Amino acid sequence: MSNVSLKEQRYGKNNVRLFKVVRTGKWHEVVELTVCVLLEGDFVTSYTEADNSKVVATDSMKNTIYILAKQSPHVQNIEIFATEIGHHFVSTYSHVSKANVSITKHKWTRMLIDGKLHDHSFYRDGEDTRSTKVVVAKTNSKDVSVQIESGLKNLLVLKTTGSAFYGFLRDKFTTLPETNDRILSTNVDATWTYNIPSVASVKNIPFDDIFDSIRSITLKTFATDNSASVQATLYLMAKLALEKHSQIETVHYELPNIHYFEYDLERFDLKNKLKDANIYTPFDKPNGLIIATVSRTKSKL
Ligand SMILES: O=c1[nH]c(=O)c2[nH]c(=O)[nH]c2[nH]1
């Protein structure tokens with residue numbers, strides 16, 4: 001008898017690059033995605049007995065993504081498109097119990113030329129991306145459940161005042177001075193989860209509006225909060241997002257603290273400390289990293 005066993009397995013195609021053009025006469029819309037599909041189910045013997053008979057080739061999964069992209073009117077809406085992909089795999093193959101579909105949407109912003117939106121030209125307006133992770137799972141032979149997480153990644157922000165950091169623990173390891181006015185910069189990575197009652201309800205959730213709203217709550221809170229710390233500003237962002245959107249259950253932020261330290265110019269008889277500071281060294285490494293998940297308090301009733 002073997003003294004090892006397979007604990008967990010999933011497989012699929014990662015980094016499927018996809019671009020779709022939707023043409024309405026001269027007016028063209030574009031969507032560029034990176035898709036990952038990982039299947040779970042009765043694939044154990046492909047690992048333990050080298051039996052490929054149930055293996056859906058990852059190449060076929062790639063083809064399926066392109067075919068569904070051709071047929072679906074929802075490719076721009078990544079949460080709905082990911083649900084369609086996941087639903088396809090669990091409903092087509094009886095031995096697939098779960099499909100994990102992740103999609104990243106890359107930004108193409110329409111050009112404004114001579115004050116007019118251009119028909120067919122776009123530019124990359126920042127490196128931030130929109131993403132989703134959808135899990136479609138069989139609950140019994142007929143029904144499926146859907147879990148959806150949406151996210152915003154790589155949104156680089158900076159403010160030159162309105163941020164302090166003082167009152168922190170001081171001991172023999174501490175050298176950082178307290179400050180009531182510092183530069184604050186972070187690269188926002190936010191995800192939020194939805195309460196999805198059924199597959200049919202997915203089409204009724206305004207994912208685009210909620211994404212736009214959480215993005216603007218994030219930016220506005222960053223800009224206007226008189227920040228006591230990254231921790232306190234993070235919590236406020238998440239709280240405002242949860243208060244505004246009843247469809248979401250949890251909000252998770254990962255915020256690096258990208259430090260900008262005053263450069264020591266006193267050595268050259270130049271004032272560059274506190275109120276006189278205006279020359280800094282940006283340090284991308286090492287960085288602070290503040291991570292938290294915030295959810296609604298369960299009612300005690
Ligand atoms: O907002 C901050 N939170 C910290 O936990 C921390 N630690 C540190 O050195 N600087 C900061 N800033």
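Since the model is a prediction, treat every value here as computed from it, not as a measurement. Just so you know, ligand 1 is whichever comes first in the structure, and atom 1 is the first atom listed for that ligand.
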Original post:
Under 30°, 30 to 60°, or over 60°: which ring-plane class applies to Tyr93 and Phe89, parallel, tilted or perpendicular?
Top reply: parallel
Taking the inter-plane angle between the rings of Trp192 and Phe211 on a 0 to 90° scale, is it parallel (under 30°), tilted (30 to 60°) or perpendicular (over 60°)?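 It falls in the tilted class, 30° to 60°.
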Checking Lys159 against Phe222: charged group under 6.0 Å from the ring centre and within 45 degrees of the axis?
yes
Note to self: Cation-pi check for Tyr263 against Arg267: NZ or CZ below 6.0 Å from the six-membered ring centre and within 45 degrees of the axis, yes or no?
What the structure shows: yes
Sorted by chain and residue number, the residues with a non-hydrogen atom under 4.0 Å of ligand 1 are Phe165, Leu176, Arg182, Ser229, Val230, Gln231, Asn257
Would you give me the side-chain donor-acceptor pairs under 3.5 Å for residues 234-247, sequence neighbours excluded?
residue	atom	partner	partner atom	Å
Lys239	NZ	Glu243	OE2	3.2
His245	NE2	Ser213	OG	2.6

- prompt: Quick one: do Asp128 and Arg215 make a salt bridge, cutoff under 4.0 Å?
  reply: yes
